[in-house]
Amino acid sequence: MTGHTLIDRWRTGWRVAMARPPKGARSLVWQPEPRGTGSARRGQQILSGLWHLAGQLVEAPGTSPWDLTAPSTPFEMQLHGQGWLDDVMAAGGRTARLAAQAWVVGWARRFGGGRGPGWDPTLTGRRLLRQISHAPALLRGMEARDQTVFFDMLYRQAAYLRAHWQIAPAGLPRMEALTGLLYAGLTLEGMVGLSAATAQALAQAVRDDVDAQGGIASRNPEALLEVAMLLGWSIDALRVLGDVPAPLMAAQARIVPTLRALRHADGGLARFHGGGRGRPGRLDRVLVTSGIRSRNDSGLAMGFVPVGHGRTSLIADAAAPPTGEASGSAHASTLAFELTSGNCPVIVNCGPGGSFGPDWHRAGRATASHSTLEITGWSSSRVGPLMPQGGRQIAPLIQTPTRVQWQRSASRRASTVILSHNGYAESHGLTHLRRLVLSTDGRVLEGEDSLRAMTGADKEVFEDKLAEVDRRGIPFSLRFHLHPDTEAEIDMGGRAVSLTLPSGEVWVFRPGREISMMLEASVHLDQGRLKPRPAQQVVLSDRLVAYAATIDWTLTRAQEATDLPPSPAEEV
């Protein structure tokens with residue numbers, strides 16, 4: 001353990017020790033309904049001793065979670081955040097309730113005084129929110145001495161958050177800390193004034209962290225969903241017990257339309273900047289319970305351009321990536337796109353690799369892991385050295401594109417998106433330009449990707465780079481990562497790739513000119529699985545020997561699906 005870590009642990013322990021539970025009566029003055037979208041199946045797995053957290057599995061039947069050896073820091077964080085309480089309580093029955101009681105009280109006895117890794121404002125808020133949400137069930141039949149420990153834990157966590165929520169990083173971490181504190185103020189006897197002060201702090205947080213278009217600084221769609229979920233819980237609780245600050249309602253009215261715009265035809269979120277598709281059922285629940293039916297149709301939603309025609313949805317990354325503290329999980333995905341047809345993702349990005357360890361986390365952030373153009377061996381943004389953030393270490397993005405442009409137009413035949421970024425200008429003197437044209441029936445996507453030296457200064461940089469490779473040309477690749485459920489094979493004598501979807505649909509990919517085209521191995525990084533899923537990617541490769549090079553291509557639906565149920569996105 002490093003000296004820095006020892007100091008941090010000592011400081012945290014001292015802060016928790018100072019957060020002494022108040023004297024007096026201990027009870028719940030309001031009993032909230034459980035808010036989480038827990039999975040009964042996952043709950044049963046946990047009860048049987050299978051702890052699947054952060055993409056890793058620990059099998060320990062009959063063992064307390066606090067006796068487990070965590071295989072990674074993300075696993076340990078999820079374990080101590082106790083979000084799994086939603087799953088265990090969803091399993092229902094006496095066995096689940098008794099196990100949850102024992103594990104929650106066990107955590108309090110072992111770590112409630114400030115020991116262990118679970119004492120930062122974000123994890124504390126997450127844990128406190130779940131413990132309070134399930135408190136009525138957890139307290140049922142609990143022994144008096146355990147109830148004392150349980151309430152001491154709730155009050156101590158609330159006092160700690162009251163004093164230190166401000167050190168939580170902006171965005172989702174701050175929302176988790178404040179939502180947990182709000183629920184404590186609303187439910188715990190004697191916390192007079194805490195809920196009102198916390199509601200005002202929440203109002204200021206959403207003013208600071210949610211922009212005018214309903215986006216957050218990390219540009220992570222799944223993180224935006226989590227913010228919307230916590231915001232909805234806070235609004236519902238405040239509405240039951242009193243007035244809701246106007247900034248909370250206004251933030252919800254901005255976020256929900258943006259979430260709708262970032263939703264693919266199959267109902268899942270676009271996977272960008274460290275976010276997954278969202279836990280099953282969560283997005284639908286947030287959209288329905290918000291009561292907001294509008295959609296962000298401004299053309300740009302949190303830096304993404306969504307285009308939908310027929311049963312086809314396309315979402316492209318059309319803004320510079322995050323930087324600084326907001327970019328610890330951001331990806332070099334500028335101009336990458338995803339495409340979904342009906343209930344089937346077709347073109348995807350590899351996704352977030354953090355749950356599979358630091359190497360996969362870094363690999364998933366590279367441009368080569370996205371469906372876009374990559375100069376071989378280079379990313380459009382680079383991952384920088386580690387920096388501290390809220391007691392943790394993150395690797396922010398550096399040397400990001402300084403100019404990202406987009407333009408969208410529509411006609412009776414198609415919608416056209418024209419994009420560009422200069423992420424390769426400093427290193428190679430090159431700008432990536434991309435044109436995507438989706439027909440109004442959703443059956444044809446035409447694309448054109450170019451690398452160009454745009455200015456005299458760019459041409460000088462390009463010439464220097466070309467000289468380094470003895471004028472053999474600068475290699476680059478155009479990558480189209482395929483969902484692992486898509487079957488791909490080279491067709492038409494090597495001039496096309498046929499893509500067969502689980503629905504029976506067949507799409508055909510063709511380059512516009514003779515060029516090196518290969519099917520290569522890829523991976524699909526799904527946080528809900530134990531290992532990366534093997535997948536494939538279509539790769540077009542060329543070398544740039546002059547100031548410009550262009551590759552055009554088409555993706556055409558050649559055969560309709562054998563079954564056409566309504567897409568989830570059409571139902572909600």
Side-chain angles (χ1 to χ4, degrees), residues 307 312 314 316 334-339 346-348 367-368 370-378 380 407 409 411 413-424 428-439 442-454 458-459 462-463 465-466 469-482 486 488-500 506-522 536-559:
V307 182
T312 304
L314 179 149
T334 314
L335 306 200
F337 78 93
E338 293 187 326
L339 182 136
V346 185
I347 306 296
V348 298
T367 297
H370 298 82
S371 293
T372 188
L373 183 147
E374 170 225 13
I375 293 181
T376 303
W378 292 77
S380 56
Q407 179 182 338
S409 61
S411 68
R413 293 183 55 254
S415 291
T416 300
V417 180
I418 298 175
L419 309 152
S420 69
H421 80 77
N422 68 341
Y424 299 117
H428 294 78
L430 295 170
T431 293
H432 175 202
L433 299 97
R434 164 164 267 184
R435 182 173 65 91
L436 301 170
V437 183
L438 182 64
S439 63
R443 294 176 56 89
V444 180
L445 174 64
E446 298 177 357
E448 180 182 275
D449 286 274
S450 302
L451 279 174
R452 296 183 185 179
M454 306 292 287
D458 287 342
K459 292 176 181 179
F462 174 76
E463 288 289 350
K465 202 68 181 180
L466 195 59
V469 295
D470 298 325
R471 310 198 74 79
R472 288 177 288 118
I474 295 173
F476 67 96
S477 297
L478 195 56
R479 300 180 182 274
F480 301 86
H481 293 273
L482 307 176
T486 297
E489 60 178 348
I490 300 290
D491 207 348
M492 300 180 186
R495 298 192 304 274
V497 178
S498 293
L499 310 177
T500 304
V506 177
W507 290 72
V508 177
F509 178 92
R510 294 185 183 89
R513 61 180 172 88
E514 189 169 329
I515 193 173
S516 171
M517 180 175 66
M518 299 183 65
L519 272 178
E520 297 183 2
S522 179
Q536 293 178 290
Q537 58 177 314
V538 179
V539 182
L540 307 181
S541 301
D542 202 356
R543 285 181 175 269
L544 188 66
V545 296
Y547 293 138
T550 299
I551 299 176
D552 58 332
W553 48 270
T554 59
L555 182 63
T556 305
R557 186 191 300 154
Q559 178 177 305

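Predicted model, so just to flag it, every value in this text is computed and none were measured.
Here the shortest heavy-atom pairing between Ile551 and Phe476 reads CD1-CE1, 3.6 Å. When all heavy atoms of Pro511 and Ile515 are compared, the closest pair comes out as CB-CG2, 3.8 Å. For the residue pair Trp507 and Gly442, the shortest heavy atom distance occurs at CH2-O, 3.4 Å. Ala336 approaches Thr372 most closely through the heavy-atom pair CA-CB, 3.7 Å. When all heavy atoms are compared, the tightest approach of Ser415 to Val307 is CB-CG1, 3.8 Å.
Arg471 and Glu463 are joined by a salt bridge, as a carboxylate oxygen and a charged side-chain nitrogen come within less than 4.0 angstrom of each other.
Side-chain atoms of Arg443 come within 3.5 Å of backbone atoms of Arg557 as a donor-acceptor pair (strictly under, hydrogens ignored). Proximity of a side-chain donor or acceptor of Ser411 to a complementary backbone N or O of Arg413 within less than 3.5 Å is detected.
Listed by chain and number, the residues in a ring-ring contact (aromatic ring centres under 6.0 Å, His included) with Tyr424 are His421 (sequence neighbours excluded). The ring-ring contact (aromatic ring centres under 6.0 Å, His included) check on Phe462 picks up Tyr547, with sequence neighbours excluded. Applying the side chain to side chain donor-acceptor pair (under 3.5 Å) criterion to Ser522, with sequence neighbours excluded, gives His481.
Remark: of the listed residues Asp552, Asp542, Thr550, Asp542 is the sole one forming a side chain to side chain donor-acceptor pair (under 3.5 Å) with Arg513. Of the candidates Asp491, Leu555, Val508, Leu555 is the only one forming a side chain to side chain contact (heavy atoms under 4.5 Å, CB included) with Leu499.
Between the CD atom in Gln536 and the CD atom in Glu520 there is a gap of 10.5 Å [rounded to 0.5 Å]. Atom CG in Leu373 sits 10.0 Å away from atom CG in Leu540 (nearest 0.5 Å). Atom CZ of residue Arg452 and atom CG of residue Leu433 lie 5.5 Å apart, to the nearest 0.5 angstrom. Taken to the nearest 0.5 Å, the CG atom of Leu478 stands 10.5 Å off from the CD atom of Gln537. Between Leu438 atom CG and Thr312 atom OG1 the span is 6.0 Å, to the nearest 0.5 Å. Between the OG atom of Ser420 and the NE2 atom of His432 there is a distance of 9.5 Å, given to the nearest 0.5 Å.
Contact of the Val538 side chain with the Leu519 side chain is registered, since non-hydrogen atoms from C-beta on lie closer than 4.5 Å. Under the 4.5 Å side-chain criterion, counting only non-hydrogen atoms from C-beta, Ile347 is not in contact with Phe509. Two residues are said to be in side-chain contact when any heavy atoms from C-beta on lie closer than 4.5 Å; Ser371 and Arg479 fail this criterion.
With no hydrogens or angles considered, a side-chain donor-acceptor pair links Thr367 and Ser380 at under 3.5 Å.
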message = Would Leu451 and Ile375 count as a side chain to side chain contact (heavy atoms under 4.5 Å, CB included) here? Give the steps.
response = CA-CA 9 Å; Leu451 279 174; Ile375 293 181; 4.0 Å; yes

key: Step-by-step side chain to side chain contact (heavy atoms under 4.5 Å, CB included) determination, Leu430 to Trp378   = CA-CA 12 Å; Leu430 295 170; Trp378 292 77; over 6 Å; no

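Aromatic ring pairs are classed by plane angle as parallel below 30°, tilted from 30° to 60° and perpendicular above 60°; the pair Phe480 and Trp553 is perpendicular.
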